[in-house]
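As structure tokens, the structure follows; a few thoughts come after it.
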Amino acid sequence: MEKHQNGEDSEQLDPSICGYDSLHHLLKDNLKPHHFQEVNRLLTGLNCGKVLETIALPQSATALSAEHGFDLQAFCFHADKEVLREPRIVRVGLVQNSIALPTTAHFVDQKKAIFEKLKPIIDAAGSSGVNILCLQEAWMMPFAFCTREKKWCEFAEPVDGESTKFLQSFAVKYNMVIISSILERDMNHGDVIWNTAVVIGNHGNIIGIHRKNHIPRVGDFNESTYYMEGNTGHPVFETAFGKIAINICYGRHHPLNWLTFGLNGAEIVFNPSATVGELSEPMWPIEARNAAIANSYFVASINRVGTETFPNPFTSGDGKPAHADFGHFYGSSYISAPDASCTPSLSRNRDGLLVTDMDLNLCRQYKDKWGFRMTARYELYAETLARYLKPGFEPQVIRDPLLHKSSS
């Protein structure tokens, strides 16, 4: 009987969807071609009126995928041809992965094993000409925040720590911007811990950081045991390849979080995440795609893969028995465009690299088409929010004067 990396019996834990590693593959293999074409149109939309195109990647990348067993997919978002502006095509890569060793292994060995596991995937991205690469939330460790055990704080590192140094060499080698979501130890401010995305420039420099704005307190996600809400606002980073922002994990549930990155000029918003099937999977294909539509930018959604089992059982405050794992991190990373089209997702149960070309001209074209910025009523929203923040706030409710009148 096959064992998973943390010892689960594979017969007891099947992360597939009826034997398929993605909904897209299940539908494609079980529907008649003309039925699948129509269903796919409804599920993933059309880009410039056409089905999203796939792109061929170099043999060096496909060979790495075959050798190391990670899912590799590649697509292209077009924009309409303009008279005054040349196309602004950026190649984006998303990496999803499981941990590499059991959570009982020495912490140093766990982190080194993840580094080794990611090397061929990052090399595949680099050889494919990726301009901006984003890794999943807290990629350099198991997502141990369910346990409430403080020993996992030892994975925290400064912004310029070993994870950043590991990635800086790839950034320089491949002329690639890399977004690295880490557990940060702020050594200049009392060793406080943050959930932080480090933006590494294509010259290996650190452009800046963003700290997670919204911290979940739901289910097993006991993250406020380790870090609190971030203090960096909604920064947009102007890179050699476009203006990018990072909406870390739980922030995707907050529409105003998405909005504010857009107001600051983001063209691509990355959402590095760690979320499990029972809690959020029905929401996963919706929220980021809606954000891309509503804010006229691209959204890149990344989720980790696998079931991570911890040494000591923990509870969730829901009356259910103690358990030793979060549940299955379902991967399914994908990219959404402002025209409502999106890529199929990566595997639900395998490591993967999603490579996508996107013409950033599409952002302005859809601002012009739908006029969301022009028709928004920011002054009304600001007025209501200002009143809401005051202790004496009264909701604007107009009640029917006959509401409680009894009928004769």
Side-chain angles (χ1 to χ4, degrees), residues 14-56 71-80 92-96 134 136 247 252-253 255 258 268-273 275-305 328-350 352-359 362-363 365-366 369-370 372:
D14 179 8
S16 70
I17 305 174
C18 301
Y20 292 87
D21 67 357
S22 74
L23 177 62
H24 183 83
H25 289 152
L26 184 154
L27 295 173
K28 188 173 183 179
D29 284 0
N30 289 278
L31 293 178
K32 294 179 180 179
H34 64 286
H35 288 163
F36 173 74
Q37 181 179 357
E38 186 64 7
V39 168
N40 189 54
R41 179 186 69 82
L42 294 171
L43 288 178
T44 62
L46 298 176
N47 171 238
C48 293
K50 299 178 181 178
V51 175
L52 195 66
E53 294 180 9
T54 58
I55 54 178
D71 189 12
L72 178 63
Q73 300 185 43
F75 301 92
C76 178
F77 291 102
H78 293 286
D80 291 333
V92 167
L94 310 182
V95 176
Q96 63 177 44
C134 187
Q136 67 199 24
N247 184 3
R252 73 181 177 277
H253 304 307
W258 291 111
I268 311 169
V269 179
F270 294 87
N271 178 225
S273 300
T275 186
V276 293
E278 183 178 355
L279 182 68
S280 68
E281 196 163 12
M283 304 158 73
W284 181 252
I286 300 169
E287 290 173 306
R289 194 173 178 188
N290 178 70
I293 297 166
N295 296 286
S296 303
Y297 51 47
F298 289 91
V299 175
S301 305
I302 312 97
N303 186 28
R304 69 169 54 208
V305 178
H328 179 68
F329 293 102
Y330 52 82
S332 305
S333 303
Y334 72 108
I335 291 180
S336 308
D339 65 356
S341 62
C342 66
T343 69
S345 65
L346 287 178
S347 171
R348 194 178 184 275
N349 50 24
R350 286 195 294 149
L353 170 65
L354 177 62
V355 177
T356 305
D357 285 349
M358 53 184 69
D359 187 341
L362 193 64
C363 299
Q365 289 174 10
Y366 269 77
K369 178 173 181 175
W370 282 101
F372 292 148

Measure across Q136 and S273 and return the closest heavy-atom pair with its distance rounded to 0.1 Å.
-> CB-O, 4.0 Å
Where do C342 and L52 come nearest, in terms of heavy atoms and distance?
-> O-CD2, 3.7 Å
Answer yes or no: is there a donor N or O on one side and an acceptor on the other, between the side chain of R289 and the main chain of A340, under 3.5 Å?
-> yes
Here the gap from S341 atom OG to I293 atom CD1, rounded to the nearest 0.5 Å, amounts to 9.0 Å
For the side chain of D21 and the backbone of N349, is there at least one donor-acceptor N/O pair under 3.5 Å apart?
-> no
Could you go through the side-chain contact (heavy atoms from CB on, under 4.5 Å) check for V305 and F329 one step at a time?
-> CA-CA 5 Å; V305 178; F329 293 102; 5.5 Å; no
Using atom types as modelled and distance alone, determine if a side-chain donor or acceptor of N40 lies under 3.5 Å from a backbone N or O of F36.
-> no
First locate atom CZ of F270, then atom CG of N247, and finally report the distance between them rounded to the nearest 0.5 Å.
-> 12.5 Å
Going by heavy atoms in the side chains, are K28 and P344 under 4.5 Å from each other?
-> no
Indicate yes or no: at least one non-hydrogen side-chain atom of R348 is less than 4.5 angstrom from one of S22.
-> no
Is there a side-chain contact between I55 and C76, using heavy atoms and a 4.5 Å cut-off?
-> yes
Would you check if the side chain of Q96 reaches a backbone N or O of R350 as a donor-acceptor pair within less than 3.5 Å?
-> yes
Take Y20 and L27 through the test side-chain contact (heavy atoms from CB on, under 4.5 Å) and record every step on the way to the result.
-> CA-CA 9 Å; Y20 292 87; L27 295 173; over 6 Å; no
Within the distance-only criterion (no hydrogens, no angle test), does the side chain of N303 pair as donor or acceptor with the backbone N or O of T275 below 3.5 angstrom?
-> yes
Are Q73 and L346 close enough that some pair of their side-chain heavy atoms sits under 4.5 Å apart?
-> yes
Start with the C-alpha gap between L46 and V51, add the side-chain angles, then the distance that decides, and say whether side-chain contact (heavy atoms from CB on, under 4.5 Å) holds.
-> CA-CA 5 Å; L46 298 176; V51 175; 4.1 Å; yes
Distance-minimising heavy-atom pair for Y366 and P338 | CD2-O, 3.7 Å
Nearest non-hydrogen partners of A292 and S336, listed with the distance | CB-CB, 3.8 Å
Could you pull out all residues at least two apart from H253 that satisfy side chain to side chain donor-acceptor pair (under 3.5 Å)?
-> E287
From L353 atom CG to L94 atom CG, the distance as rounded to the nearest 0.5 Å = 8.0 Å
When you measure from the side chain of Q365 to the backbone N and O of A79, does any donor-acceptor pair fall under 3.5 Å?
-> no
Would you call the rings of W284 and Y334 parallel, tilted or perpendicular, where under 30° means parallel and over 60° means perpendicular?
-> perpendicular
Please check if the side chain of N290 supplies one atom and the backbone of I286 the other of a donor-acceptor pair under 3.5 Å.
-> no
So do C363 and F298 actually touch side chain to side chain, heavy atoms under 4.5 Å?
-> yes
Mind checking side chain to side chain donor-acceptor pair (under 3.5 Å) for S301 and listing every partner two or more places apart, or none if nothing turns up?
-> none
Would you give the length of the straight line joining atom SG of C48 to atom CG of L362, rounded to the nearest 0.5 angstrom?
-> 6.0 Å
Sorted by chain and number, sequence neighbours left out, salt bridge (charged side-chain N to carboxylate O under 4.0 Å, His left out) with E278 holds for none
Any chance you could measure D357, atom CG, to F77, atom CZ, to the nearest 0.5 Å?
-> 10.5 Å
Do V92 and V355 touch side chain to side chain, with heavy atoms closer than 4.5 Å?
-> no
Note, I302 side chain near V95 side chain (heavy atom, < 4.5 Å) | no
State, with a plain yes or no, whether a side-chain heavy atom of S280 is found less than 4.5 Å away from one of Y330.
-> yes
Rounded to the nearest 0.5 angstrom, the SG-NE2 distance for C18 and H25 is 15.0 Å
